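When a ligand or atom number is given, it counts from 1 through the structure's own listing order. Since the model is a prediction, treat every value here as computed from it, not as a measurement.
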Amino acid sequence: MKLQEYQSKRIFAEYGIPIPQGDVATTPEEARHIAARLGKRVVIKSQVLVGGRGKAGGIKLAASASEAEAVASQILGMDIKGLKVNRVLVDEAADISREIYLGIVVDRGAGSLVMMASAEGGVDIEEVARTTPEKIYRVEIDPCLGLQTFQCRQLASDIGLETDLMNDFVKVSMGLYQAFAGCDASLAEINPLVVTGDRKLLAVDGKMVLDDNALFRHTDLAELRDPTEETFYENEARRYGLSYVRLDGCIGCMVNGAGLAMETMDIIKLYGGEPANFLDIGGGARADKVAAALRIILSDGNVCAILINIFGGITRGDEVARGILQAFEEVKPAVPIVTRLVGTNSEEGLRILAGAKMLTAGSLVEAAQMAVQASRGEAL
Ligand code: GDP
Ligand code: MN
């Protein structure tokens, strides 16, 4: 679950990280009131769950309360990378002399958390990561010991931070680590962490992603979820209890079981295709769940073929087949669909599919080859 900037920064503040004063507004009038209360130059920041808001025109300075109102009315309702802006954060503007990147992620390769820092923070950090990755310094955090202060000092010296800021940097990086650990996050990031004109550190932007599987331990954080800010896919998948991850390819996959879903993606790649998603409908899925899964896949404009791979155990083949036909009553698929169905009640399921003139395959290899062929627009 992604948190908005203002939510992330409020959490950071609880862990002792300095953030600008400010508040959230949903109307231009509210923005004016907040700016008037702050009584100084402000920055109006769109609150949407994507990066690169600055470059998209979603972050603007305002010198007075009335200008804050005008700027907020421009930004509210704006479309940023497909997301509508419903809220803005009105923060006191920072006097920025330097922008640093500081973040923590899970590094599966290293089997630990990694803290990263760069002197080249700000809106071009992705470009830095791509072209000059050596400018991003890393320390691995021992899972038993946690982040150590010497590691923070190491990072500070790597990025050439002046010694007068050393203690503040240790405080901020320790705070970020404690926020990460305390919230069961999978990512916590400050970009930029700025050095102000009067030589203080300030977290100007904040981003946190929380581990959904740990949210049951944080009922207060779980309440921060705002379904209106999530995509159709995420909402639908949660509603029907489907595990869904969108990917870049064009072959949509619907599979029962996480391991089988991984195998299905592997075999698609083996035959030269690219999966559009990971989708596990789970064990014992009934028709309505299958229909929801198909709706999700079919609403992804990149999908040019679909592979349905069902291994019937607890899940019954006839239920899945009925779910597929039920989904077709709601959404007419414009792309070829190949189904491989084996196991419990598969004969009945295949009979239902054959009755609806659906493409079926006898084995997973055959199904994958057919799906890849279909995705290239070749006749089957
Ligand atoms: P992002 O584009 O979504 O990452 O949003 P950020 O909050 O990181 O803002 C983007 C950029 O806007 C920052 O890197 C800063 O250069 C600039 N910016 C953000 N807040 C302020 C501020 O208070 N004062 C000034 N002068 N610039 C700001
Ligand atoms: Mn940023």
Minimum heavy-atom distance between Phe278 and Ala258, given as atom pair plus value: CE1-O, 3.8 Å

Closest non-hydrogen atom pair, Met370 against Ala361: SD-CB, 3.9 Å

Validation row: Glu329, Leu325 side chains within 4.5 angstrom (heavy atoms): no

Any protein heavy atom nearer than 4.0 Å to atom 17 (C) of ligand 1: no

Stepwise salt bridge (Lys or Arg N to Asp or Glu O under 4.0 Å) check, Arg41 with Glu92: CA-CA 6 Å; Arg41 224 161 58 101; Glu92 57 178 334; over 6 Å; no

Heavy atom of the protein closest to atom 10 (C) of ligand 1 (residue, atom name, distance): Val123 CG1, 3.5 Å

Polar contact flag for Arg41 and ligand 1 (N/O pairs, less than 3.5 Å): no

Protein contact of atom 25 (C) of ligand 1 - nearest heavy atom, named by residue and atom, plus distance: Ile96 CD1, 3.5 Å

Flag side-chain contact, heavy atom, 4.5 Å: His218 against Leu210: no

Closest approach of any protein heavy atom to atom 2 (O) of ligand 1, naming residue and atom: Gly54 N, 2.8 Å

Which residue and heavy atom of the protein sit nearest atom 12 (O) of ligand 1, plus the separation: Ile59 CG2, 4.2 Å

Lys289 side chain near Asn256 side chain, heavy-atom distance below 4.5 Å: no

Polar contact flag for Arg53 and ligand 1 (N/O pairs, less than 3.5 Å): yes

Contact check, side chains of Val303 and Leu298, non-hydrogen atoms, under 4.5 Å: no

Distance-only N or O hit between ligand 1 and Glu5, under 3.5 Å: no

Closest protein heavy atom (residue, atom, distance) for atom 6 (P) of ligand 1: Asp205 OD2, 3.5 Å

Between Glu319 and Thr315, a side-chain donor and acceptor under 3.5 Å: no

Distance-only side-chain donor-acceptor flag, Tyr271 / Gln373, under 3.5 Å: no

Closest protein heavy atom to atom 7 (O) of ligand 1, given as residue, atom name and distance to 0.1 Å: Lys45 NZ, 2.6 Å

Distance from atom 23 (O) of ligand 1 to nearest protein heavy atom, with residue and atom: Ala94 N, 2.8 Å

For ligand 1, the portion of Asp95 having any non-hydrogen atom under 4.0 Å away: neither

Side-chain touch Arg98/Glu162, heavy atoms, less than 4.5 angstrom: yes

Heavy-atom side-chain proximity of Met208 to Phe12 below 4.5 angstrom: yes

Shortest non-hydrogen separation from Leu350 to Thr360 and the atoms involved: CD2-CG2, 3.8 Å

Under-2.8 Å neighbours of the Mn ion (ligand 2), protein N/O/S atoms only: 2

Closest protein heavy atom (residue, atom, distance) for atom 20 (N) of ligand 1: Val204 CG1, 3.4 Å

